[in-house]
Amino acid sequence: TAPDDLGDAANYIFSGTAITSGKATAIVTATGMDTELGKIAALLNQTKKQTTPLAKRLNTLGKRLSFVAILGGIITILLATLLHQEGFTDSLMLGVSLAIAAVPETLPVIVTLSLAHGVQKMAKRHAIIRQVTAVETIGNVNVIASDKTGTLTQNRMTITHFWPYGKEIHKVAKTKLSANDTRFFKYLGLATNAHLTADDEPDIGDATELAIVRLLDHYDLSRTEAEQTYPRVAEAPFSSDKKTMATLHRTPDGHYLAIIKGAVDRINFAPENWEQTATAIHDQMTAQALRVLAAGYQQFETDPGENWEAQLTAVQPLGLIGIIDPPRPEVPAAIRAAKQAGITTVMITGDHKVTATAIARHIGIFKDGDMALTGMELDALSDAELDEKIDKISVYARVSPENKIRIVDGWQRRGNIVSMTGDGVNDAPALKKADIGVAMGITGTEVSKDAAAMILADDNFATIIKAVANGRNVYRNIKNAVLYLLSGNTAAIFTVLYTSLMALPVPFAPVQLLFINLLTDSLPALAIGMEPADE
């Protein structure tokens with residue numbers, strides 16, 4: 001059976017996974033709905049979509065208006081018949097007309113048009129609304145549970161720091177490189193297979209190697225020239241067992257150069273002080289949520305032969321590089337705007353807790369005094385304990401699909417309107433459970449899009465905040481339109497009731513009541529429903 005913490009599961013192949021390389025013998029341990037993918041499907045079937053706040057309030061309003069209209073009509077009929085000695089037919093006409101006038105018949109049209117107008121505006125801002133009522137719901141959101149990769153971050157691995165052996169940690173900037181740094185980066189480029197393509201086409205290669213190629217491009221270093229000077233003669237590809245990749249090159253003087261890159265603790269470096277020094281630098285980088293890669297080289301006088309990789313026992317260090325999926329530049333400002341608007345943002349990710357917390361702190365989600373939980377730590381909490389702590393937990397790491405539903409449910413139990421973002425099949429149950437599920441348009445799976453009420457065409461967190469602002473304006477306009485309609489209709493009801501009670505002549509003929517209702521309940525209310533937003 002699979003372990004409790006699926007994020008750290010080893011030696012498991014999950015249904016729906018694409019095998020891209022390698023060979024293996026596998027034993028089937030579950031099929032159909034018993035697989036992890038099947039469990040997600042079961043969660044989707046069990047999870048019910050939430051009724052929108054607008055639908056709930058309009059249903060309540062409709063019931064109250066119906067009661068008032070019927071009661072007002074009955075009272076009018078009785079008063080007109082008993083006090084004014086009107087004929088029953090005339091009294092009935094007046095009572096029915098008053099009841100009709102009391103109900104804002106155009107309200108459904110105004111609500112629909114206001115929401116449709118909001119849908120159009122949001123589409124222009126890259127927020128595609130799949131359910132019209134979601135326009136209003138997003139305006140009522142006060143908790144956003146956001147996925148990290150691609151939403152809060154760029155989903156583009158980037159080298160931000162490097163440590164040339166024996167020097168200090170440097171930040172990647174547009175500055176002149178030393179000869180040692182230039183050699184460091186060129187050697188890294190030689191041991192890389194990724195390629196940058198045209199702007200309208202996706203780059204080719206592993207995300208880490210693409211980060212190296214972009215670094216060379218950043219410093220205007222010619223990889224083609226380096227490959228011509230040091231032609232590659234052999235390659236030992238990366239594997240998850242050894243966690244390194246090495247290439248062998250012929251040098252201009254006829255000797256051989258081996259370049260190796262990979263995990264810090266998997267390369268046999270020659271210097272005695274390497275481990276102590278590199279560990280300290282490694283820890284500094286990981287504290288900044290950087291993924292660390294080591295690189296080195298070893299020279300051979302003659303061709304080392306087919307087992308050249310096994311001879312890499314005295315590697316000379318080039319240094320370390322720190323790689324990160326950087327936050328989107330607009331995200332910190334969007335999170336600040338959300339906070340000012342009374343919206344709490346929490347991060348939900350499959351990353352390790354240290355990495356997730358560092359990024360969350362950098363973009364303004366994680367503050368001093370906040371908590372970060374892993375999926376297993378969340379499982380250990382009862383619902384009562386979660387309810388007590390949930391407003392202090394801003395980061396959830398290594399989470400499962402069940403964890404995500406529980407997080408959404410916990411916030412909803414406290415009376416919050418929750419938005420959940422996600423892109424994978426495993427996010428679908430939580431997207432459906434949330435008051436408004438938000439799927440990624442670029443990287444999102446079809447399952448997640450189908451479960452969501454809104455799709456981000458640009459996969460950008462800042463777009464959610466724009467949608468919230470637009471949704472709040474739509475909701476305000478609908479409220480103002482309802483207030484306007486009820487003001488006019490209430491005035492008509494009380495005018496007729498007052499004159500009836502005071503034995504005064506009836507101020508309106510039934511047809512006049514209906515005509516006033518027709519004029520006041522249509523175009524003016526529609527105009528109010530289309531008002532532009534305030535800051």
Side-chain angles (χ1 to χ4, degrees), residues 154 156-167 169-199 201-239 242-264 266-267 269 278 281-282 285 290-300 304 308-309 312 315-326:
Q154 299 177 27
R156 178 187 170 104
M157 299 304 289
T158 305
I159 298 172
T160 58
H161 295 74
F162 65 95
W163 173 67
Y165 177 61
K167 306 289 184 180
I169 296 177
H170 298 303
K171 220 176 171 182
V172 171
K174 198 73 176 177
T175 55
K176 190 174 181 180
L177 295 175
S178 66
N180 193 45
D181 294 344
T182 301
R183 183 185 65 162
F184 182 5
F185 295 155
K186 281 193 174 183
Y187 279 14
L188 271 174
L190 287 169
T192 300
N193 293 321
H195 293 278
L196 300 180
T197 57
D199 293 338
E201 296 180 11
D203 297 327
I204 299 170
D206 174 76
T208 301
E209 293 200 338
L210 282 170
I212 294 171
V213 175
R214 293 189 191 107
L215 179 71
L216 295 176
D217 189 58
H218 176 81
Y219 283 112
D220 297 323
L221 298 175
S222 174
R223 183 176 165 204
T224 304
E225 183 181 320
E227 289 173 339
Q228 290 173 349
T229 307
Y230 298 91
R232 184 185 297 187
V233 295
E235 176 185 336
F238 176 86
S239 76
K242 61 181 183 177
K243 294 187 177 178
T244 61
M245 178 218 179
T247 54
L248 184 65
H249 304 263
R250 188 180 293 109
T251 64
D253 57 6
H255 301 312
Y256 288 83
L257 170 71
I259 304 169
I260 184 169
K261 69 182 193 304
V264 179
R266 294 300 185 95
I267 302 175
F269 288 105
I281 299 297
H282 177 275
M285 287 187 171
L290 297 174
R291 180 181 161 205
V292 183
L293 201 68
Y297 68 95
Q298 186 171 328
Q299 293 176 324
F300 298 97
W308 61 274
E309 188 182 15
L312 297 177
V315 178
Q316 300 301 316
L318 288 167
L320 304 179
I321 56 173
I323 308 172
I324 194 173
D325 180 9

Could you tell me whether the side chain of K186 and the main chain of E227 form a donor-acceptor pair under 3.5 Å?
no
Quick check: closest heavy atoms across I204 and L210, and the distance to 0.1 Å?
O-CD2, 3.5 Å
Verdict with reasoning, Q299 to T251, per side chain to side chain contact (heavy atoms under 4.5 Å, CB included)
CA-CA 9 Å; Q299 293 176 324; T251 64; 5.8 Å; no
Are any of the side-chain heavy atoms of L177 and H170 separated by less than 4.5 Å?
no
Using modelled atom types only, decide if a donor and an acceptor are shared between the side chain of T160 and the backbone of T158 within a distance under 3.5 Å.
no
Say whether, by atom type as modelled, one donor and one acceptor occur between the side chain of K261 and the main chain of A191 under 3.5 angstrom.
yes
Flag the pair F269 / Y165 as yes when their ring centroid distance falls below 6.0 Å, and as no otherwise.
no
Any idea which heavy atoms bring F184 and G319 closest together, and the distance?
CZ-C, 3.7 Å
R214 atom CZ, neighbour heavy-atom count above 12 within 6.0 Å
yes
For V292 and W163: C-alpha separation, side-chain torsions, deciding distance, then whether side chain to side chain contact (heavy atoms under 4.5 Å, CB included) applies.
CA-CA 10 Å; V292 183; W163 173 67; over 6 Å; no
Holding to ring pair (Phe, Tyr, Trp, His ring centres under 6.0 Å), I want the full list of residues that pass it with Y230, two or more places apart in sequence or in another chain.
none
Which atom of D325 lies closest to which atom of Q154, heavy atoms considered
OD1-N, 3.3 Å
T229 versus P252, closest heavy-atom pair with distance:
CG2-CG, 3.5 Å
Atom CH2 of W308 and atom OG1 of T247: how far apart are they, to the nearest 0.5 Å?
6.0 Å
Find the distance between CG (L318) and CZ (F162) and round it off to the nearest 0.5 Å.
12.5 Å
Looking only at heavy atoms, what is the nearest atom pair of E209 and A194, with distance?
OE1-N, 3.4 Å
Using the test side chain to side chain contact (heavy atoms under 4.5 Å, CB included), find all partners of H195 that sit at least two apart in sequence or belong to another chain.
R223
Ring pair (Phe, Tyr, Trp, His ring centres under 6.0 Å) involving Y256 - partner list, sequence neighbours excluded:
none
Step by step, would you call T208 with R291 a side chain to side chain contact (heavy atoms under 4.5 Å, CB included)?
CA-CA 10 Å; T208 301; R291 180 181 161 205; 2.6 Å; yes
If you measure from CZ on R183 to CG on L221, what distance do you get to the nearest 0.5 Å?
14.0 Å
Value for CD1 (I324) from NE2 (H161), rounded to nearest 0.5 Å, stands at 9.0 Å
Between A211 and I323 the two heavy atoms that sit nearest each other are CB-CG2, 4.3 Å
Please lay out, stage by stage, how L216 and T192 fare under the test side chain to side chain contact (heavy atoms under 4.5 Å, CB included).
CA-CA 11 Å; L216 295 176; T192 300; over 6 Å; no
Roughly how far, to the nearest 0.5 Å, is the CD1 atom of I281 from the NZ atom of K167?
13.0 Å
When you compare the side chains of S178 and N180, does any donor N or O come within less than 3.5 Å of an acceptor on the partner?
no
When rounded to the nearest 0.5 angstrom, what is the spacing between CD1 in I259 and CE in M245?
9.5 Å
